[in-house]
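Taking it in order: structure first as structure tokens, then the write-up.
A, B, ... follow the sequence lines: proteins, then strands. Residue 1 opens every chain.
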Protein chains: 2
Amino acid sequence: MTAQVRTKKRDPKGNRSTLIRATLESISEVGITDTTVSRIIEKAGLSRGMVHLHFGGKTQLLAAAAQAFSDEYYFGIDRHVQKVGHAPERIIMAVVTADLSEELLNERATRILHAFRGAASTHTGIAEVSGTRDDRLRDMIRAAFSKIAADYPDEDPDVLARDATFGLLALLEGMWSDYLLNPNAFSREVAKSIVCRFIGGLFPDHF
Amino acid sequence: MTAQVRTKKRDPKGNRSTLIRATLESISEVGITDTTVSRIIEKAGLSRGMVHLHFGGKTQLLAAAAQAFSDEYYFGIDRHVQKVGHAPERIIMAVVTADLSEELLNERATRILHAFRGAASTHTGIAEVSGTRDDRLRDMIRAAFSKIAADYPDEDPDVLARDATFGLLALLEGMWSDYLLNPNAFSREVAKSIVCRFIGGLFPDHF
DNA sequence: TAACTTAATGGACGATCGTCCATTAAGTAT
DNA sequence: ATACTTAATGGACGATCGTCCATTAAGTTA
């Protein structure tokens, strides 16, 4: 078995992901509506029939691209979170920092996210995949807030954790929208300080 | 000059707005991508050439629909705000309540908003019109927060008002996204209480 | 009523769109 | 080397797409 990276004539898995990459690139450039099969295969440098061969159709390719984009985001978050250990406050801050970092929050990502959002309500295959910042992330945040909320005996910990989770995700969502519509005026520092004001208001002893 | 509402054979203004209404209805049902001229005129019950006659083309019709939708939202907010007088705290709460009311926040509206959002970054005519919850609203909120912030001498009033404005709009944005993706699980009461926690954290003497 | 302006119609048009398949090529097993 | 399986190609296909215009109708002015 040779390494064969250079001159592989056949590469089904590679071509599959090339198509997905080309699709995401096209969406970030011209939006979903103008992302046609012709444009995708031109970007990918592959032949027309490949979409049907590997995905069965354009619809499934879009769904696979949505899934890949979602994973890309989540793994980006996860990498940051892994580094900070298990203290819940640090996990929360890692999520916030990562979500607002240039690595994850940039023009390409905001355009793709909102393009899929716009299509999610009417295209099942996409909706399943682009839930509110992914259920995985939501669960991670809620678990962290639940631990923190236990230190506030004056409040119902479930309600507090729920509000913190919901609020934080909504706030971050809004930051992405703002970035999308106004990438030049956007300030990561201001965004972060506002998020900190929010969670600091809920958990004054921790943030 | 007769009233002629019943049997008007020609009605350019009426047909124009019928086309816009049909466009928004189509977008809320099948998204922007599948909103075709054929579908629009079928919904409107008008003839094919009318799109070109009244708007010059589909692109301009979409832009006009985006504008109409934006106005629809803003005037809805404004009506609520007019009722509560000039006290800044009451203006803010009126905006929040209106934004989360069923009149403004519903499946149709969230679908249309996000459909336009997804197209905004790549279609100039739409982007101009669907800024972050409209500059008019942003200015109104900021003015109210500026007055309130003057009562907090420990903070820079400009920074405080800016953070409150930015944060509130982002939070409401996020609520809309959550509603879009999960209309059944969404609770207006929870959403409102979270918003109140946020502004209450910034302005403890007022909210 | 006649002449004129504006609105509305709906089909024809070329230009895409996405799908699919007959054909060729590459890789594997016998 | 041969037979076989899987990958890749690219053009043909019917089905739409949005635009536009020749034609008809409605309303207005003279």
Side-chain angles (χ1 to χ4, degrees), chain A residues 1-23 26-27 29-66 115 119 122-126, chain B residues 1-23 26-27 29-66 115 119 122-126:
Chain A
M1 169 190 155
T2 53
Q4 67 177 182
V5 178
R6 258 333 201 154
T7 47
K8 205 191 283 184
K9 293 291 176 59
R10 297 172 61 169
D11 184 10
K13 290 182 183 178
N15 289 334
R16 224 186 105 96
S17 71
T18 300
L19 282 175
I20 289 176
R21 246 182 293 116
T23 302
S26 170
I27 290 173
E29 288 174 2
V30 299
I32 276 201
T33 301
D34 296 328
T35 290
T36 65
V37 171
S38 299
R39 189 185 283 269
I40 292 169
I41 57 136
E42 188 190 6
K43 276 190 176 300
L46 297 173
S47 68
R48 193 158 195 73
M50 211 145 240
V51 172
H52 180 254
L53 175 67
H54 287 299
F55 296 92
K58 190 197 175 190
T59 304
Q60 295 94 315
L61 169 55
L62 283 176
T122 44
H123 292 77
T124 326
I126 292 175
Chain B
M1 170 191 154
T2 53
Q4 67 179 183
V5 178
R6 260 327 201 159
T7 48
K8 206 191 278 183
K9 292 293 175 57
R10 298 171 62 169
D11 185 11
K13 290 183 183 177
N15 289 334
R16 225 187 105 98
S17 71
T18 299
L19 282 175
I20 289 176
R21 245 183 293 117
T23 302
S26 171
I27 291 174
E29 287 174 2
V30 298
I32 276 201
T33 300
D34 296 328
T35 290
T36 64
V37 171
S38 299
R39 190 185 283 270
I40 292 169
I41 56 136
E42 188 191 4
K43 275 190 178 301
L46 297 174
S47 68
R48 195 160 192 74
M50 212 146 238
V51 173
H52 178 254
L53 175 67
H54 286 300
F55 297 92
K58 190 195 174 191
T59 305
Q60 295 95 313
L61 169 55
L62 283 176
T122 43
H123 292 78
T124 326
I126 292 174

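Side-chain contact between B:Ile40 and B:Leu61 is present, with at least one heavy-atom pair separated by less than 4.5 Å.
Checking D:dT19, C:dA8, D:dA8 against the side-chain heavy atoms of A:Leu53 singles out D:dA8 as nearest. Between C:dG10, C:dA8, D:dA26, one nucleotide has an atom nearer to the side chain of B:Arg10 than all others, and that is D:dA26. Closest to the side chain of B:Asp11, from the set C:dA8, D:dA7, C:dG11, is C:dA8. Of all nucleotides listed (C:dG10, D:dG18, D:dA8), D:dG18 comes nearest to the side chain of B:Lys58.
The minimum heavy-atom distance linking A:His123 with B:Val30 is given by the pair CE1-O, 4.2 Å. What you find for A:Val51 and A:Lys58 is that their closest heavy atoms are CG1-N, 4.0 Å.
As rounded to whole Å, 12 Å separates atom P of D:dT16 from atom CG of B:Asp34. Following rounding to the nearest Å, B:Leu19 (CG) and C:dA8 (C1') show an atom-to-atom distance of 11 Å. The interatomic distance linking B:Phe55 (CZ) with C:dA8 (C1') rounds to 14 Å, in whole Å. Atom CZ of B:Arg16 is separated from atom C1' of C:dA8 by 16 Å (rounded to the nearest Å). Look at CZ on B:Arg48: it is 18 Å from C1' on D:dT23, rounded to the nearest Å. Look at CD on A:Gln60: it is 13 Å from P on C:dG18, rounded to the nearest Å. Atom CD1 of A:Ile40 and atom P of C:dG18 are 8 Å apart (whole Å). Atom CE in A:Met50 sits about 9 Å away from atom P in D:dA7, given to the nearest Å.
For D:dA22, the paired nucleotide is C:dT9, the pair qualifying as Watson-Crick or G-U wobble because both relevant distances are below 3.5 Å.
Phosphate proximity of D:dT16 to B:Thr36: absent, as no side-chain N or O sits under 4.0 Å from OP1 or OP2. Applying the 4.0 Å criterion to OP1 and OP2 of D:dA8, one finds that A:His52 has every side-chain N and O outside that range. Distances shown here put every side-chain N or O of A:Asn15 at or beyond 4.0 Å from the OP1 or OP2 atom of D:dA7.
Around atom CD of B:Glu42, no more than 12 heavy atoms belonging to other residues, nucleotides or ligands sit under 6.0 Å away.
For A:Gly49 and A:Arg39, each mapped to the nucleotide of DNA chain C holding its nearest heavy atom, the one lying further toward the 5' end belongs to A:Arg39.
Without hydrogens or angle criteria, B:Ser26 side chain to B:Ala22 main chain gives no donor-acceptor distance under 3.5 Å.
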